[in-house]
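This structure is a prediction, so every number in the text was calculated from the model and none was measured. Side-chain atoms are counted along with the backbone in the values below, which use heavy atoms only and exclude waters and symmetry mates.
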Amino acid sequence: MLNQKGLNIVVSGLMLGLISMSPSVAQDSTNIRSSEEMNRNDNSDPLLLPNQAQEVEIIDRPAITLEEAISLGLTNNKDLSRAKLELDRSQEGLNAAQAQEKIFVDGTADTTFSGNQAQGFLGNTHNLSTGAGVELGYRLYTGGRLEATINRAREEIKFAELEVNRLTQQTRFEVATAYYQLQNADAQVNIAQAAVDDFTQTLRDAELLERAGLGTRFDVLQARVDLANANQGLTRARADQRNARRELATVIGIPATVEYSAADEIAEQGEWSLSLEQSIIQAYQNREELDQILARREINNQDRIIAVSRQKPQVNLFANYNFNLNVAGISPLGITGYSDGYNAGARLTWNLRDGGEAKALSKQEEISIAIDENDFAGQRNAIRLEVETAYNDLTANKENIGTTEQAAITATESLRLARLRFQAGVGTQTDVINAQRALTEARGNFLQAIIGYNQSLNRLQRAVSQQ
């Protein structure tokens with residue numbers, strides 16, 4: 001059994017060897033760039049496809065922290081940018097709807113030239129008539145259409161704001177997910193490299209024992225096979241690491257010639273203080289998807305009011321002024337005259353019969369409202385399941401961290417003792433190989449528990465909309 005000092009040494013060695021040895025973390029701090037440097041854009045035509053190898057070659061691999069990656073993702077995400085433009089458009093829609101509440105002014109102008117041929121002494125005649133007018137109007141009563149149009153525009157703004165918030169949360173979640181996947185890939189490379197180092201040492205020991213007459217040729221061959229298998233695992237892990245880097249680069253929207261490595265060490269990213277029940281209630285309160293459905297329901301309700309208003313009277317107030325100038329050319333005499341006048345009053349229009357169109361449109365919106373209510377219930381159930389799944393995974397991974405850490409410590413000590421016994425000629429190579437495999441598995445389980453915990457925490461934060 002290890003004493004406390006020995007236990008601390010093993011833990012320190014395990015964490016430093018597997019976590020801090022990550023190539024991305026071990027890079028010089030000068031490789032960590034500012035957000036402005038990392039967010040440089042290609043100046044090339046976006047529709048131009050590269051046709052030279054050097055145009056698609058990875059030329060830069062700076063290290064990046066999780067927060068830097070999230071910042072870049074929020075800046076470059078096209079869906080989020082589009083949602084912000086949709087919000088601006090919705091605001092202009094409200095401005096347009098509110099403009100209908102104000103007095104409107106219409107202006108008209110026309111010019112007419114006419115001529116005819118007459119018999120007798122009057123000869124030919126030519127007439128020029130020109131006039132202009134202006135009318136002021138005000139929509140006094142629209143059967144609820146104007147108010148519903150404005151309310152609808154406000155709900156569209158609310159929906160667009162919720163969409164911006166939802167995509168912000170989703171972007172943070174997707175970037176963090178890709179970052180943790182890269183950390184996991186880095187860890188797998190480190191574990192595979194440690195396995196190669198261990199099997200290299202086993203092969204060296206087997207060869208020394210064979211030369212000393214204490215080992216067999218079979219032990220050497222077995223050690224070479226195990227080393228070859230470990231090298232294959234390292235090759236696969238490095239390929240997965242490269243793929244994870246490209247995935248992160250794609251998610252945060254950086255130039256194709258740049259890929260990032262993870263600068264953060266693998267460590268628990270925080271604690272979750274809420275119970276499962278509290279988490280579910282907070283998710284119901286925070287999730288934008290639920291509020292969006294309610295906003296869409298209200299939009300459909302306002303559309304129903306607009307449809308009903310088609311059957312109600314419309315009353316406009318108006319006041320106009322008209323001026324006309326007439327010029328009559330009568331050979332050899334010309335006569336000029338003008339006239340003007342004004343009117344003021346109220347204008348009533350009422351669609352007495354539309355063949356049932358307004359009723360059908362109203363019924364259509366009522367069905368849309370029922371669909372929204374159905375969607376709300378379905379989304380509420382989906383959110384609860386999402387929260388429960390993430391919470392249960394988080395709890396399990398939290399418990400596994402302690403268990404797998406102890407297993408890694410035990411496996412490290414077991415391999416050390418097995419190798420000492422084998423070198424002393426009192427143990428077998430099979431014992432060493434089994435211990436090596438157990439250690440590789442224990443190391444992987446330990447780091448998987450930490451990364452799994454962070455991923456579960458990330459999913460739970462997204463489910464509760466707390467990112």
Side-chain angles (χ1 to χ4, degrees), residues 82-83 85-112 131-163 288-324 341-380:
R82 177 185 174 86
L85 292 174
E86 294 282 359
L87 176 58
D88 292 339
R89 186 170 68 175
S90 297
Q91 182 62 56
E92 294 304 322
L94 176 60
N95 293 338
Q98 290 176 330
Q100 297 184 49
E101 289 184 308
K102 301 176 182 178
I103 295 175
F104 60 89
V105 180
D106 292 332
T108 60
D110 63 85
T111 299
T112 303
V134 61
E135 179 172 293
L136 281 68
Y138 178 75
R139 299 176 180 87
L140 180 63
Y141 179 72
T142 62
R145 177 185 59 80
L146 180 56
E147 294 81 358
T149 301
I150 294 174
N151 292 336
R152 186 187 194 283
R154 290 195 176 104
E155 291 299 322
E156 286 184 336
I157 290 177
K158 181 179 179 180
F159 186 94
E161 289 174 340
L162 291 167
E163 183 66 5
E288 291 82 4
E289 293 89 338
L290 293 175
D291 290 333
Q292 282 184 308
I293 294 175
L294 294 178
R296 190 171 66 231
R297 179 183 183 277
E298 186 57 30
I299 289 173
N300 290 328
N301 183 51
Q302 297 303 320
D303 285 339
R304 182 189 62 80
I305 296 175
I306 293 172
V308 172
S309 70
R310 296 163 64 97
Q311 288 185 314
K312 295 183 178 180
Q314 312 287 311
V315 180
N316 292 344
L317 301 180
F318 69 91
N320 59 49
Y321 172 78
N322 297 285
F323 176 84
N324 293 286
Y342 66 88
N343 294 286
R347 183 178 293 117
L348 170 67
T349 59
W350 196 341
N351 187 357
L352 298 177
R353 181 173 176 80
D354 63 357
E357 181 183 4
K359 182 178 180 180
L361 290 174
S362 175
K363 185 63 176 180
Q364 186 179 46
E365 297 306 328
E366 290 177 2
I367 295 174
S368 296
I369 291 173
I371 292 174
D372 293 331
E373 293 172 352
N374 180 77
D375 291 346
F376 185 89
Q379 185 65 55
R380 180 187 60 206

Study note, to complete from the structure: Rounded to the nearest 0.5 Å, the CG atom of L162 sits from the CG atom of L290 at a distance of 10.5 Å

Exercise for review: May I ask you to test the I299-Q302 pair for a side-chain heavy-atom distance under 4.5 Å?
Suggested key: no

Study note, to complete from the structure: For Y138 and F104 the tightest heavy-atom approach is N-CE2, 3.7 Å

Exercise for review: Drop me the distance from E155's CD to S90's OG, to the nearest 0.5 angstrom.
Suggested key: 11.5 Å

Point to revise | Option from I369, D375, I371 for which side chain to side chain contact (heavy atoms under 4.5 Å, CB included) with E373 holds | key: I369

Review point. Quick one: are E156 and E86 in side-chain contact, heavy atoms under 4.5 Å?
Key: no

Check your understanding: Is there a side-chain contact between L294 and E298, using heavy atoms and a 4.5 Å cut-off?
Key -> no

Which atom pairs, one a donor and one an acceptor, fall under 3.5 Å between side chains of residues 310-318 and the rest of the protein, sequence neighbours left out?
residue: R310; atom: NH2; partner: E357; partner atom: OE1; Å: 3.1
residue: R310; atom: NH2; partner: E357; partner atom: OE2; Å: 3.0
residue: Q314; atom: NE2; partner: T142; partner atom: O; Å: 3.2
residue: Q314; atom: NE2; partner: S309; partner atom: O; Å: 3.2
residue: Q314; atom: NE2; partner: K312; partner atom: O; Å: 3.1

Practice item. Mind checking the OG1-CD1 spacing from T149 to I305? Nearest 0.5 Å is all I need. Key: 10.0 Å

**Study point:** Taking every non-hydrogen atom, the tightest pair across Q100 and R139
**Key:** O-NH1, 3.2 Å

**Study point:** Set of residues satisfying ring pair (Phe, Tyr, Trp, His ring centres under 6.0 Å) with respect to F323, sequence neighbours excluded
**Key:** Y338

Review point. Is R297 close to I293 at the side-chain level, that is, under 4.5 Å between some pair of heavy atoms?
Key: no

Check your understanding: Which value, rounded to the nearest 0.5 Å, describes the distance between Q91 atom CD and E161 atom CD?
Key -> 8.5 Å

**Study point:** Y342 atom OH: more than 12 heavy-atom contacts under 6.0 Å
**Key:** no

Point to revise | Distance, nearest 0.5 Å, that separates CG of N343 from OH of Y321 | key: 12.0 Å

Review point. Of the non-hydrogen atoms in I150 and E101, which two are nearest, and what is the gap between them?
Key: CD1-CD, 3.3 Å

Check your understanding: Quick one: are Q292 and Q379 in side-chain contact, heavy atoms under 4.5 Å?
Key -> no

Check your understanding: Taking side chain as C-beta onward, heavy atoms only, is T108 less than 4.5 Å from D106?
Key -> no

Check your understanding: Is there a side-chain contact between Q364 and I367 (heavy atoms, below 4.5 Å)?
Key -> no

Practice item. Drop me the distance from S362's OG to I306's CD1, to the nearest 0.5 angstrom. Key: 11.5 Å

**Study point:** Heavy-atom side-chain contact between L136 and N320 under 4.5 Å
**Key:** no

Check your understanding: Heavy-atom count around I103 CD1 within 6.0 Å, excluding the residue itself: above 12?
Key -> no

